[in-house]
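For reference, the structure discussed in these notes is given below.
Just follow the structure's listing: the first ligand is 1, and inside any ligand the first atom is 1.
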Amino acid sequence: MCNHGCGQAFAHLRTVVRIDILSAVPRLLDSWFNESILERAQKKGLAEVHVHDLRDWSTDKHRRLDDYPFGGGAGMVMTVEPIHRAIAELKAQRDYGEVIYLCPDGQLLDQPMANELSLKGNLILLCGHYKGVDERVREHLITREVSIGDYVLSGGELAAAVVSDAVIRLLPGVLGDETSALSDSFQDGLVSPPDYTRPAEYQGWKVPDVLLSGHQANIDAWRHQQALERTRQRRPGLLGEAGVQDQ
Ligand code: ADE
């Protein structure tokens, strides 16, 4: 959005991004979307998050969502039918840019992926449970598989919350300061430089002089150097990928 008020003037033309989360344990996500930035984004009418109980689409008399794996082995597998019915019902009501399955062996979420997803419009996020879903869900119903890290969670709900947060905060107008999402760590291939606020000195711990100098060019140069140095120390892999150079 521009910084001369156009965003406000055309706010009514913006399409609301809608995220539908399909879960076997929807209660896990109850509080998540009713707080802070995500709550504000929904109140401002910029995003909608709907958490659905997959059992509502189960035709089983006990509303079961899982069954034993063919071929034997430990653990249960989520069946195709309720997931298919849920996704079909949602897709009949509106268009979705992606139908995402959260799973440990998906593509690793990073900032470029979050940026890309924030431009996709509506999203369906399917949370796995138990051993995961029947493979035919992955073959026929899903457009993308996403992992939030190389570790196994008990379900996809936390991952769905992470993806939703990373996406929603990028939508125009969600963050108070329009530039703040752009200055996030990773947006320019670097981690963020350190921030300080008042007091300028606390128990002898001082804020770097340059930040108090009022000299914006020096401050910008210092921040860039700090970001480079921190990236070198903490995420050296990013420097290779982004090809970021010293100024
Ligand atoms: N479900 C279980 N573990 C997960 C992970 N690491 N990322 C996304 N979904 C998951």
Side-chain angles (χ1 to χ4, degrees), residues 17-33 35 37-38 47 49-58 63-70 73-84 86-87 90-91 96-171 184-186 191 234-235 237-238 241:
V17 170
R18 178 174 162 130
I19 298 182
D20 286 275
I21 302 179
L22 300 174
S23 164
V25 201
R27 282 188 326 277
L28 285 177
L29 291 167
D30 274 355
S31 65
W32 186 259
F33 294 104
E35 301 290 338
I37 286 174
L38 300 185
V49 179
H50 297 263
V51 183
H52 306 275
D53 188 343
L54 266 174
R55 286 173 213 281
D56 293 344
W57 286 278
S58 170
R63 291 172 37 99
R64 288 189 63 154
L65 292 171
D66 58 337
D67 211 333
Y68 295 98
F70 279 128
M76 304 295 274
V77 178
M78 288 174 80
T79 57
V80 186
E81 196 194 4
I83 296 172
H84 186 202
I87 292 174
L90 291 172
K91 283 173 73 173
Y96 288 91
E98 297 272 8
V99 181
I100 296 171
Y101 174 48
L102 287 316
C103 52
D105 56 346
Q107 187 189 350
L108 274 180
L109 177 70
D110 57 9
Q111 193 59 51
M113 192 203 288
N115 295 349
E116 191 193 336
L117 293 177
S118 75
L119 300 172
K120 290 273 182 177
N122 301 328
L123 303 173
I124 294 177
L125 305 183
L126 170 65
C127 307
H129 255 271
Y130 319 110
K131 254 166 98 79
V133 294
D134 186 305
E135 188 64 18
R136 289 164 293 186
V137 169
R138 301 174 74 154
E139 286 169 359
H140 302 289
L141 302 176
I142 293 302
T143 60
R144 188 185 273 236
E145 300 177 338
V146 174
S147 165
I148 61 162
D150 287 338
Y151 40 80
V152 180
L153 302 165
S154 353
E157 283 74 14
L158 284 172
V162 168
V163 170
S164 304
D165 187 309
V167 167
I168 290 174
R169 65 194 301 287
L170 293 172
L171 301 176
D184 282 344
S185 274
F186 306 115
V191 304
R234 300 170 188 205
R235 294 284 194 284
L238 286 176
E241 289 161 28

Is V146 in contact with ligand 1, taking contact as a heavy-atom separation below 4.0 Å? yes
Quick check: does any side chain N or O of R144 sit under 3.5 Å from a backbone N or O of I100, one acting as donor and the other as acceptor? no
Short question: side chain of D110, backbone of M113 - any donor-acceptor pair under 3.5 Å? yes
Any nitrogen or oxygen of G149 lying under 3.5 Å from a nitrogen or oxygen in ligand 1? Just yes or no. yes
Side-chain (S58) to main-chain (L65) donor-acceptor, under 3.5 angstrom: no
Looking only at protein heavy atoms, which one is nearest to atom 3 (N) of ligand 1, and how far off is it? L153 N, 2.9 Å
Could you check atom 9 (N) of ligand 1 against the protein and tell me its nearest heavy-atom contact, residue, atom and distance included? C103 N, 3.2 Å
Does the distance from a Lys or Arg side-chain N to an Asp or Glu carboxylate O, for R27 and D53, drop under 4.0 Å? no
Any residue meeting ring pair (Phe, Tyr, Trp, His ring centres under 6.0 Å) with H52, in chain and number order, not counting sequence neighbours: W57
R18: salt bridge (charged side-chain N to carboxylate O under 4.0 Å, His left out) partners, not counting sequence neighbours: D20, E48
Nearest protein heavy atom to atom 6 (N) of ligand 1, by residue and atom, and its distance? Y151 O, 2.8 Å
Mind checking whether S147 contacts ligand 1 via backbone (N, CA, C, O), side chain (CB onward), both or neither, at a 4.0 Å heavy-atom cut-off? both
Under 3.5 Å, side chain of K91 to main-chain N/O of Y96, donor-acceptor pair present? no
Closest to atom 7 (N) of ligand 1 among protein heavy atoms sits I148 N, 3.0 Å
Short list, please: which atoms of ligand 1 are under 4.0 Å from a heavy atom of A159? 8 (C), 9 (N)
Report yes or no: does A160 have a heavy atom closer than 4.0 Å to ligand 1? no
